[in-house]
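Following: one structure in structure tokens, then a few remarks.
Only this structure's heavy atoms are used, side chains among them; waters, hydrogens and symmetry mates stay out. Keep in mind that what you see is a predicted model, and the values were worked out from it rather than measured.
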Amino acid sequence: MERDVAIVGMACIFPRAPDLATYWRNLRDGVDAITDVPAARWDPAYYDPASTAPDRFYARRGGFIDDYATFDAAAFGIMPIAAQGAEPDQLLALEVATAALADAGYADRAFPRARTDVVLGRGNYLGPAMLRLVNITRGGPQLVDALRSLLPDAKEDELAAVKREFQARCGVYGPDTAIGLVPNLVASRIANRLDLGGSAYTLDAACASTLVAVDHACRSLLSASADLVLAGGVHLCHDPVFWSVFSQLGALSRDQQIRPFDRRADGLLIGEGLGMLVLKRAADARRDGDRIYAVIRGVGLASDGRDVS
């Protein structure tokens, strides 16, 4: 039996690439998409190469998609207030999934929705929406406790007003926005909004998350538990908390340059983006007259065991 899986559709949003065509041109032309952190992302005071404090970083360059992080909530039947409080990756992943299906020719052509899976790689980091919730639920009370200790004469109504103001500045949170904070909804929201009846879940295998998602997708297709799979990865976290982890690990490049397979390489830089494939058994793709970008004939996964550093 043939074991090949065909890539019949693709879509993405990456730094300096709002769509697939631009991303391909950037690859072809050798475009460097690394930039300084946009001013709106975090306070420039975080950048201090001489400091080892947990809230100071020795790098400030990476890959960002700020210019393309827009979402038409109404087009997908999502209330604007719900979109406002949701994790951004949930909403942009929905747009990329829609674009990938359209690229595969399924915007106006029937496909087996009931047997279409969604499998995405996504790190279990705290996204910006969840971090807002942490500030609201824990930061506000902690702020009041600190003020109560430092200012013992402060009145309770004044302290309560400080907490309300702090929480209000953190952003919108309530019944309409809470659902947008569930991590797996980055996959299940796609299934819900696009009416896909197969499995919908996320995987976290660190830098290999997307590869593992593709592996799972191929297994589902070759075992005939699915007939079509949306597979890919999402990463949209440039919060200072995330940067602090990589700074403390010393994993970021002090030269702020990425040099793969180069003896001068001294670390990585953090990038963000979303990419998805539409996968189908190759025999079915040929039968249905799909355009085939490439064929996957095998996926290999392993760890370094005790040699991992």
Mind checking whether [X] and [Y] have side chains closer than 4.5 Å, heavy atoms only?
X    : Y    : result
V119 : Y201 : yes
N26  : R16  : yes
M276 : L120 : yes
L228 : L279 : no
I296 : I7   : yes
L277 : L230 : no
F71  : P88  : no
V5   : V295 : no

Worksheet item: Taking only residues at least two apart or on different chains, which pairs with a member in residues 88-120 satisfy ring-ring contact (aromatic ring centres under 6.0 Å, His included)?
Response: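 Qualifying pairs: Y106-F111.
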Taking distance alone, no hydrogens or angles, what donor-acceptor pairs closer than 3.5 Å link side-chain atoms of residues 146-160 to residues at least two apart or in another chain?
from : atom 1 : to   : atom 2 : distance (Å)
R148 : NE     : E156 : OE2    : 3.1
R148 : NH1    : D145 : OD1    : 3.0
R148 : NH2    : E156 : OE1    : 2.9
S149 : OG     : D145 : O      : 3.1
E158 : OE1    : K155 : N      : 3.2

Item to complete: Begin with the C-alpha distance, continue with both residues' side-chain angles, and end with the deciding distance and a verdict on side chain to side chain contact (heavy atoms under 4.5 Å, CB included) for I13 and D19.
Response: CA-CA 5 Å; I13 300 175; D19 52 43; over 6 Å; no
Which pairs would a plain distance check flag for residues 92-102, meaning a side-chain donor or acceptor within less than 3.5 Å of a matching protein atom at least two apart in sequence or in another chain?
from : atom 1 : to  : atom 2 : distance (Å)
T98  : OG1    : L94 : O      : 2.8

Kindly state each residue pair satisfying salt bridge (charged side-chain N to carboxylate O under 4.0 Å, His left out) with at least one member in [range], sequence neighbours excluded.
range            : answer
residues 185-196 : none
residues 60-80   : D36-R61, R41-D66
residues 96-121  : D103-R291, R109-D290, R115-D227

Could you measure the distance from the [atom1] atom of [X] to the [atom2] atom of [Y]? Nearest 0.5 Å is fine.
X    : Y    : atom1 : atom2 : value
K163 : I136 : NZ    : CD1   : 11.5 Å
C218 : R281 : SG    : CZ    : 11.5 Å
S253 : D266 : OG    : CG    : 3.5 Å
I190 : F76  : CD1   : CZ    : 9.5 Å
L252 : S247 : CG    : OG    : 4.5 Å

Worksheet item: Charged N to carboxylate O under 4.0 angstrom, D89 versus R122?
Response: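 Here D89 pairs with R122 in a salt bridge, since their nearest N and O are under 4.0 Å apart.
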Worksheet item: Are D288 and K280 within salt-bridge range, i.e. N to O under 4.0 Å?
Response: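 Yes, charged N to carboxylate O under 4.0 Å.
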Worksheet item: Has the side chain of N135 got a donor or acceptor atom that lies under 3.5 Å from a matching backbone atom of G140?
Response: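 Looks like no, no N/O pair under 3.5 Å.
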Is it the case that atom [atom1] in [X] sees more than 12 heavy atoms from other parts of the structure closer than 6.0 Å?
X    : atom1 : answer
R138 : CZ    : no
R28  : CZ    : yes
R297 : CZ    : no

Worksheet item: Relative to the ring of F242, is the ring of F246 parallel (under 30°), tilted (30 to 60°) or perpendicular (over 60°)?
Response: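 Geometry flag for F242 against F246: tilted rings.
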Worksheet item: Which word best sums up how the rings of W243 and F64 line up, parallel for under 30°, tilted for 30 to 60°, or perpendicular for over 60°?
Response: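 Parallel, since the angle between the ring planes stays under 30°.
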Practice prompt. Applying ring-ring contact (aromatic ring centres under 6.0 Å, His included), run through W42 and Y47 and close with a yes or a no.
Written response: CA-CA 9 Å; W42 37 261; Y47 176 63; 7.9 Å; no
